[in-house]
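Start at 1 with the first residue, then count along the sequence.
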Amino acid sequence: MGCKKLEGRVALVTGGARGIGRAICEKLASEGAVVAMVDIMQDVAEKTAAEFQAQGYEAMAIQANVAVPEEADKAVQAVVEKYGKLDILVNNAGVTRDTLMMKMTEQDWDLVLNVNLKGTFNFTKAATRVMMKARYGKIVNIASVVGRMGNVGQANYSASKAGVIGLTKTTAREFGSRNITVNAIAPGYIQTDMTEKLPQAARDAFLVNIPLRRAGLPADVANAVFFLCQDESAYITGQVLNVDGGFLMS
């Protein structure tokens with residue numbers, strides 16, 4: 001077996017207990033990283049962490065609402081207290097509340113912006129305090145292609161993900177001198193529990209516009225995250241990588 005690329009690194013992944021977040025944790029752990037998975041549901045996070053530990057991975061579960069700054073601070077503090085550092089942050093936690101803008105409630109707007117955008121801000125702020133002292137850090141934010149193109153019925157979600165892209169570029173500029181890279185990944189149509197609930201006609205409509213003619217897998221996103229967390233990507237920062245099968249070529 002070859003050397004694991006992330007041996008000795010400590011990673012925190014928000015929304016890490018399920019779906020794409022879990023796939024990201026699995027990839028980072030398989031490459032030698034310690035993974036701390038943050039989820040709003042404590043039981044789900046603990047179950048996933050236990051499954052990782054059974055596979056021989058070093059993992060810990062942290063319950064937190066990413067939208068609450070104090071909980072982000074405590075989550076990062078818990079990781080540093082246990083492992084002494086934090087090398088990698090993946091801001092993956094996200095929610096949707098889709099409906100046409102004229103029907104969208106203020107509550108659904110606020111919820112999506114608070115989790116998707118404010119949550120990314122909260123954890124970035126907490127993590128960079130640690131990373132700046134170490135003069136090392138890798139931050140990967142999970143955005144979306146709809147943050148670059150917009151989408152009917154997703155005013156809140158697309159606005160939040162466009163905000164994540166803007167935040168990525170600004171933090172890349174602010175922390176570059178401290179050897180902290182900040183990049184975003186914009187997934188397209190990814191096969192998850194959420195997309196599986198879509199009617200077949202809706203899924204077919206997506207696929208016909210994807211040059212690769214298939215939905216992406218959570219592992220496709222995880223592999224891109226892994227690339228941006230390696231030292232080999234040290235000269236890449238402030239970028240948005242589309243993982244979308246060619247759906248949005250820009």
(message) Assess the residue pair Leu89 and Thr124 against the criterion (side-chain contact (heavy atoms from CB on, under 4.5 Å)); give the C-alpha distance rounded to whole Å, side-chain angles, the decisive distance to 0.1 Å, and a yes or no.
(response) CA-CA 8 Å; Leu89 169 66; Thr124 298; 4.2 Å; yes
Only distances under 3.5 Å count here; give the side-chain donor-acceptor pairs of residues 14-40 to other protein atoms, sequence neighbours excluded, each with its distance to 0.1 Å.
{"unit_1": "Thr14", "atom_1": "OG1", "unit_2": "Asn92", "atom_2": "N", "d": "2.9"}
{"unit_1": "Thr14", "atom_1": "OG1", "unit_2": "Ala93", "atom_2": "N", "d": "2.9"}
{"unit_1": "Arg18", "atom_1": "NE", "unit_2": "Asp39", "atom_2": "OD2", "d": "3.2"}
{"unit_1": "Arg18", "atom_1": "NH2", "unit_2": "Asp39", "atom_2": "OD1", "d": "3.1"}
{"unit_1": "Arg18", "atom_1": "NH2", "unit_2": "Asp39", "atom_2": "OD2", "d": "3.1"}
{"unit_1": "Arg22", "atom_1": "NE", "unit_2": "Glu26", "atom_2": "OE2", "d": "3.3"}
{"unit_1": "Arg22", "atom_1": "NH1", "unit_2": "Glu51", "atom_2": "OE1", "d": "2.7"}
{"unit_1": "Arg22", "atom_1": "NH2", "unit_2": "Glu51", "atom_2": "OE1", "d": "2.8"}
{"unit_1": "Ser30", "atom_1": "OG", "unit_2": "Glu26", "atom_2": "O", "d": "3.3"}
{"unit_1": "Ser30", "atom_1": "OG", "unit_2": "Lys27", "atom_2": "O", "d": "2.7"}
{"unit_1": "Glu31", "atom_1": "OE1", "unit_2": "Lys5", "atom_2": "N", "d": "3.4"}
{"unit_1": "Asp39", "atom_1": "OD1", "unit_2": "Met41", "atom_2": "N", "d": "2.9"}

(message) Applying side-chain contact (heavy atoms from CB on, under 4.5 Å), can you list everything that pairs with Ala162, at least two apart in sequence or on another chain?
(response) none
(request) Of all the heavy-atom pairs spanning Ala127 and Leu86, show the shortest one and how long it is. (result) CB-CD2, 3.8 Å
(request) Consider only side-chain N and O atoms of Thr120 and Asn141, and report whether a donor and an acceptor are under 3.5 Å apart. (result) no
(request) Can you measure from CD1 (Ile165) to OG (Ser144) and round to the nearest 0.5 angstrom? (result) 8.0 Å
(request) Answer yes if Ile180 and Val140 sit in the same cluster of Ile, Leu, Val, Met, Phe, Trp and Tyr residues linked by side chain heavy atoms under 4.5 Å apart, and no otherwise. (result) no
(request) Show your working on side-chain contact (heavy atoms from CB on, under 4.5 Å) between Ile236 and Thr181 and close with a plain yes or no. (result) CA-CA 7 Å; Ile236 300 172; Thr181 63; over 6 Å; no
(message) Testing the basics here: between Leu117 and Gly163, what is the closest heavy-atom pair and its distance to 0.1 Å?
(response) CD1-C, 3.5 Å
(message) I need the Phe226 CZ to Leu6 CG distance, nearest 0.5 Å.
(response) 5.0 Å
(request) Using ring pair (Phe, Tyr, Trp, His ring centres under 6.0 Å) as the criterion, list what pairs up with Tyr57, not counting sequence neighbours. (result) Phe52
(request) Please name all residues satisfying side chain to side chain donor-acceptor pair (under 3.5 Å) with Glu81, sequence neighbours left out, ordered by chain then number. (result) Gln77
(message) Please check: side-chain N/O of Lys85 versus main-chain N/O of Val130, any donor-acceptor pairing under 3.5 Å?
(response) no
(request) Report yes or no: do Val225 and Val164 belong to one cluster of Ile/Leu/Val/Met/Phe/Trp/Tyr joined by side chain heavy-atom distances under 4.5 Å? (result) no
(message) Could you see if Val44 belongs to whatever hydrophobic cluster contains Ile62? Use Ile, Leu, Val, Met, Phe, Trp, Tyr and a side-chain cutoff under 4.5 Å.
(response) no
(message) Has Lys138 got a side-chain atom pairing as donor or acceptor with Gln230's backbone, closer than 3.5 angstrom?
(response) yes
(request) Write down the atom of Gly8, the atom of Asp87, and the distance for their closest heavy-atom approach. (result) O-OD2, 3.8 Å
(message) I'd like to know if the side chain of Glu46 reaches the main chain of Ala61, judged simply by a donor and an acceptor atom lying under 3.5 Å from each other, with no hydrogens or angles considered.
(response) no
(message) Quick check for you: to the nearest 0.5 Å, what is the distance between Ile88 atom CD1 and Leu228 atom CG?
(response) 10.5 Å
(request) Output every pair passing side chain to side chain donor-acceptor pair (under 3.5 Å) with a member in residues 210-226, not counting sequence neighbours, ordered by first then second residue. (result) Arg214-Asp220
(message) To the closest 0.5 Å, what do you measure between CG (Leu248) and CG (Asn209)?
(response) 11.0 Å
(request) Please report the shortest heavy-atom distance between Gly238 and Lys169, naming the atom on each side. (result) O-NZ, 3.5 Å
(message) Please determine whether residues Tyr189 and Leu212 belong to a single hydrophobic cluster, defined as Ile, Leu, Val, Met, Phe, Trp and Tyr linked transitively by side-chain heavy-atom distances below 4.5 Å.
(response) yes
(request) Could you pull out all residues at least two apart from Asp231 that satisfy side chain to side chain donor-acceptor pair (under 3.5 Å)? (result) Arg9, Tyr136
(message) I want to check something: taking the side chain as every heavy atom from C-beta on, are Val240 and Thr168 in contact at a cut-off of under 4.5 Å?
(response) no
Solution key, residues 95-111 side-chain donor-acceptor pairs under 3.5 Å, sequence neighbours excluded:
{"unit_1": "Asp98", "atom_1": "OD1", "unit_2": "Gln154", "atom_2": "NE2", "d": "3.3"}
{"unit_1": "Asp98", "atom_1": "OD2", "unit_2": "Gln154", "atom_2": "NE2", "d": "3.2"}
{"unit_1": "Thr105", "atom_1": "OG1", "unit_2": "Asp108", "atom_2": "N", "d": "3.0"}

(request) Tell me, with the steps shown, if Ile185 and Asn183 meet side-chain contact (heavy atoms from CB on, under 4.5 Å). (result) CA-CA 7 Å; Ile185 289 173; Asn183 293 287; over 6 Å; no
(request) Would you please name every residue forming a side-chain contact (heavy atoms from CB on, under 4.5 Å) with Gln191, sequence neighbours left out? (result) Glu196, Ala215, Leu217
(message) Please say yes or no: joined through hydrophobic side-chain contacts below 4.5 Å, possibly via intermediate residues, are Ile142 and Val146 part of one cluster?
(response) no
(request) Report the residues that fulfil side chain to side chain donor-acceptor pair (under 3.5 Å) with Asn114, sequence neighbours left out, ordered by chain and then residue number. (result) none
(request) State, with a plain yes or no, whether a side-chain heavy atom of Ile190 is found less than 4.5 Å away from one of Val221. (result) yes
(request) For Ala143 and Pro187, work out which heavy atoms get closest and say how close. (result) O-CD, 3.3 Å
(request) With the side chain counted from C-beta on, respond yes when Thr128 and Glu174 share a heavy-atom pair under 4.5 Å apart, and no when they do not. (result) no
(message) Enumerate the ring-ring contact (aromatic ring centres under 6.0 Å, His included) contacts for residues 143-180, please, sequence neighbours excluded, ordered by first and then second residue.
(response) none
(message) Apply side-chain contact (heavy atoms from CB on, under 4.5 Å) to residues Val68 and Asn122 and explain how you reach the verdict.
(response) CA-CA 7 Å; Val68 180; Asn122 288 338; 5.7 Å; no
(request) Could you pull out all residues at least two apart from Arg129 that satisfy side chain to side chain donor-acceptor pair (under 3.5 Å)? (result) Asp73
(request) Determine the minimum heavy-atom distance between Gly94 and Asn116, stating which atoms define it. (result) CA-OD1, 3.1 Å
(request) With sequence neighbours left out, write down each residue that passes ring pair (Phe, Tyr, Trp, His ring centres under 6.0 Å) with Tyr83, or none if nothing qualifies. (result) none
